[in-house]
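This report concerns only the one structure given below.
The shown structure was predicted, so the numbers you read here are calculated from the model rather than taken from an experiment. Below, each value reflects all heavy atoms present in this structure, side chains not excepted, and no hydrogens, waters or symmetry copies.
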Amino acid sequence: MKNMKSLLNLFLVFGILNFASSCENNGTATTETSDNTEITYADAVADGDERLVASLAIDGMSCEMMCGGKIAKTLKELNGVKDVEIEFTEIDQESFANVEYDSKVISEKEMIAAVNAIADGIYKVKAVKVTHYKLAAKDAKVKEGINEVSYKPVVRYKLPNVFSVLVRLF
């Protein structure tokens, strides 16, 4: 009877480990370091078109309007950058620049160098997470011309930054 309980406990542990490992991201994440900046690469399923997005964790931003605006402008001026969105957290915390870009034209390292060069190095990119949003199998079939109807409701909420709302009001 004691052996049976041990065997059941062993199956329970393996079952829990199997369940936990199945909840991970579908793609594999790889990490490299370049000039003291950790760059992580991951894959995800796209909710629209296939795209590449780099999320740059930036230290040194004190405001969303001036600092964020300068960083966004600098990144948008680079060839290959399609879109830039700044996520300002709070002073003395890392804020993020989410950059959609074409990897055939520009690399993550060039974007890091551009941000680090602003205002004599006042901003520092601490980490970068590059996510390659790939089309799901059904979406790829639709793109190829195979008529397969799929409905995916997407609900997105983005709350405004309180500081930016107050600045716009006054």
If Ile, Leu, Val, Met, Phe, Trp and Tyr residues are connected whenever their side-chain heavy atoms lie under 4.5 Å apart, and connections chain through other members, are [X] and [Y] in the same group?
X	Y	value
M111	I122	yes
V53	V125	no
I106	V115	yes
L56	F88	yes
V128	F96	no

[atom1]-[atom2] distance between [X] and [Y], expressed to the nearest 0.5 angstrom:
X	Y	atom1	atom2	result
I118	Y123	CD1	OH	7.0 Å
K129	T40	NZ	OG1	8.0 Å
C67	I58	SG	CD1	10.0 Å
E85	S55	CD	OG	9.5 Å

(message) Taking side chain to side chain contact (heavy atoms under 4.5 Å, CB included) as the criterion, tell me which of K82, E108, R51 meets it with Y101.
(response)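 Among the candidates, only E108 passes.
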(request) Name all residues meeting the side-chain contact (heavy atoms from CB on, under 4.5 Å) criterion together with A127; count only those two or more places apart in sequence or in a different chain, and write none if there are none. (result)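 side-chain contact (heavy atoms from CB on, under 4.5 Å) list for A127, sorted by chain: A57.
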(request) Taking all non-hydrogen atoms of both residues into account, name the closest pair between I86 and M61 and its distance. (result)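 In this case the closest contact between I86 and M61 is CG2-CE, 3.7 Å.
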(request) Work out which heavy atom in Y133 is nearest to a heavy atom in V45; give both atom names and the distance. (result)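 Smallest heavy-atom distance, with atoms named: CD2-O, 4.0 Å.
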Do the non-hydrogen side-chain atoms of [X] and [Y] ever get within less than 4.5 Å of each other?
X	Y	value
E100	L52	no
I39	K109	yes
E50	H132	yes

Name the atoms and distances for all side-chain donor-acceptor pairs under 3.5 Å in residues 73-81, with sequence neighbours left out.
unit_1: T74; atom_1: OG1; unit_2: K70; atom_2: O; d: 2.9

